[in-house]
2 protein chains.
Amino acid sequence: MADVKSGASPLFLREEELRQCIELLFFAYRDFTAGPDKILKEYNFGRAHHRVIHFVWRNQGISVSELLDILRITKQSLSRVLNALVERGFIEQRPGVTDRRQRLLYLTEKGQALEHKLSEEQRNLVAKAFREAGGEAVAGYRQVLSGLINEEDRETVLKRILGN
Amino acid sequence: MADVKSGASPLFLREEELRQCIELLFFAYRDFTAGPDKILKEYNFGRAHHRVIHFVWRNQGISVSELLDILRITKQSLSRVLNALVERGFIEQRPGVTDRRQRLLYLTEKGQALEHKLSEEQRNLVAKAFREAGGEAVAGYRQVLSGLINEEDRETVLKRILGN
DNA sequence: ATTTTACGTCAGCCATGTTGACTTAAATTT
DNA sequence: AAATTTAAGTCAACATGGCTGACGTAAAAT
């Protein structure tokens, strides 16, 4: 009874540790995403545009449905954002060669330039955190975050991240 | 010249590694936050409510301005969410003892129950990832994520997470 | 007595998510 | 060849949760 509340109880410590790590994820994500927002504003874009730019850059020639699967949003939500990017010349659509129903997505040079500009600060931030933490810590980071990915499609996602 | 594009270039590898870790953070966060959303819907609450519930639970008696500082949103945004939680009896406001302008926030029993319900799946998920990754990996995870927190208030934030 | 601070409200706007219904063209199946 | 399924798009309406700006009140600090 008493040791349920005891600070020395391993069960309590475990839960407290979990909570801390959950908060850590919140704060890290909060500050990590804060960077690009300023730049995006100058272009009258938002985070949604950034996500599209990022994943099209990483997966040149991705189909719309694949992109939808990554972002986990509806095609109606995507279309608003995607249309803006296409109209303003950041993304180009080309019909698929084997399946001409597809409209495969590519970043234009302008789009690539923006991608680079947007990710620069983030890359510097992560690079600094990595340098300070060391290689082993980075390995741990990767392991734990991989474990947080939904088990059902973890393999697929990891494959995509690491480059098929 | 040539080795700028060479796959063996350490500079290229470094950048590629960074990109991978950035994506990892995106996917992990995406799947990590997906859990509570179902439960929240049953209550007609959203993620914003969850965040408030979480941080009030972790900082019983927190003032409104402190909460605003954590969430990094405007008081007008907070008020909508907070008022709903107070009206429906999940959160209680009490005037501060030393400073009676403050309306310190507390979770009611009902609020604590909801917090527990909401975090349960998340805690299980993180616990599983930790078990699979091992203690060293967890230490790395913590180190790297700490490094991603905005340098200016990192100390303050870490203090809050770890419990002053 | 004045100013500042903590908190609150009203009103309106914007970004980005949702559902549902319907279209078109190409690919696939029967 | 005809029917069905699939990839993608569109229109419309709505919800959530951010934002700005203006203004109010009570308590604390100067």
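Order of the sequence lines fixes the chain letters, A, B, ..., with proteins taken first and strands second; residue numbering starts at 1 for each chain. The analysis underlying the following values was restricted to heavy atoms, covering all of them including side chains, and did not include hydrogens, waters or symmetry mates.
- Legend: side-chain hydrogen bond (donor to acceptor under 3.5 Å, both in side chains) pairs involving residues 102-111 of chain B, not counting sequence neighbours: none detected.
- If you check residues 38-56 of chain B against DNA chain C, you find no residue with a heavy atom closer than 4.0 Å.
- In this structure, the helix from C/dA1-D/dT30 to C/dT30-D/dA1 shows an angle of 30° between the axis at its start and the axis at its end, each fitted on 5 base pairs and rounded to 10°.
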Legend entry - B/S/- contact track for nucleotides 24-30 of chain C, protein heavy atom under 4.0 Å: --BS---

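- Contacts of B/T74 with the nucleic acid, taken as non-hydrogen atoms under 4.0 Å apart, include base atoms.
- Counting only heavy atoms from C-beta on, B/I73 has its side chain closest to D/dC19 among C/dG17, C/dA6, D/dC19.
- Residue pairs satisfying the side-chain hydrogen bond (donor to acceptor under 3.5 Å, both in side chains) criterion with at least one member in residues 77-87 of chain A, sequence neighbours excluded, are listed as follows: A/T74-A/S77.
- Between A/F27 and B/Y29, the gap from one ring centroid to the other reaches at least 6.0 Å.
- Residues meeting the salt bridge (charged side-chain N to carboxylate O under 4.0 Å, His left out) test with B/R101, sequence neighbours left out: B/D99.
- The side-chain contact (heavy atoms from CB on, under 4.5 Å) check on A/R88 picks up A/Y43, A/N44, A/F45, A/F90, with sequence neighbours excluded.
- With sequence neighbours left out, B/S65 forms a side-chain contact (heavy atoms from CB on, under 4.5 Å) with B/S63.
- Counting only distance, with no hydrogens or angles, the side chain of A/H116 and the backbone of A/A113 share no donor-acceptor pair below 3.5 Å.
- Pairs of residues two or more places apart, or lying in two chains, that qualify as salt bridge (Lys or Arg N to Asp or Glu O under 4.0 Å) and include a residue from residues 135-148 of chain A are A/R142-B/E17.
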Between the protein and nucleotides 8-11 of chain C, which nitrogen or oxygen pairs come in under 3.5 angstrom?
unit_1, atom_1, unit_2, atom_2, d
C/dG8, OP1, B/Q93, NE2, 2.9
C/dG8, N7, B/K75, NZ, 2.9
C/dG8, O6, B/K75, NZ, 2.4
C/dT9, OP2, B/N83, ND2, 3.4

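- Under the rule for a salt bridge (charged side-chain N to carboxylate O under 4.0 Å, His left out), the partners of B/K38 that lie at least two apart in sequence or sit in another chain are B/E121.
- Take A/S119 and apply the side-chain contact (heavy atoms from CB on, under 4.5 Å) test, not counting sequence neighbours, and it matches A/E115, A/R123, B/R19.
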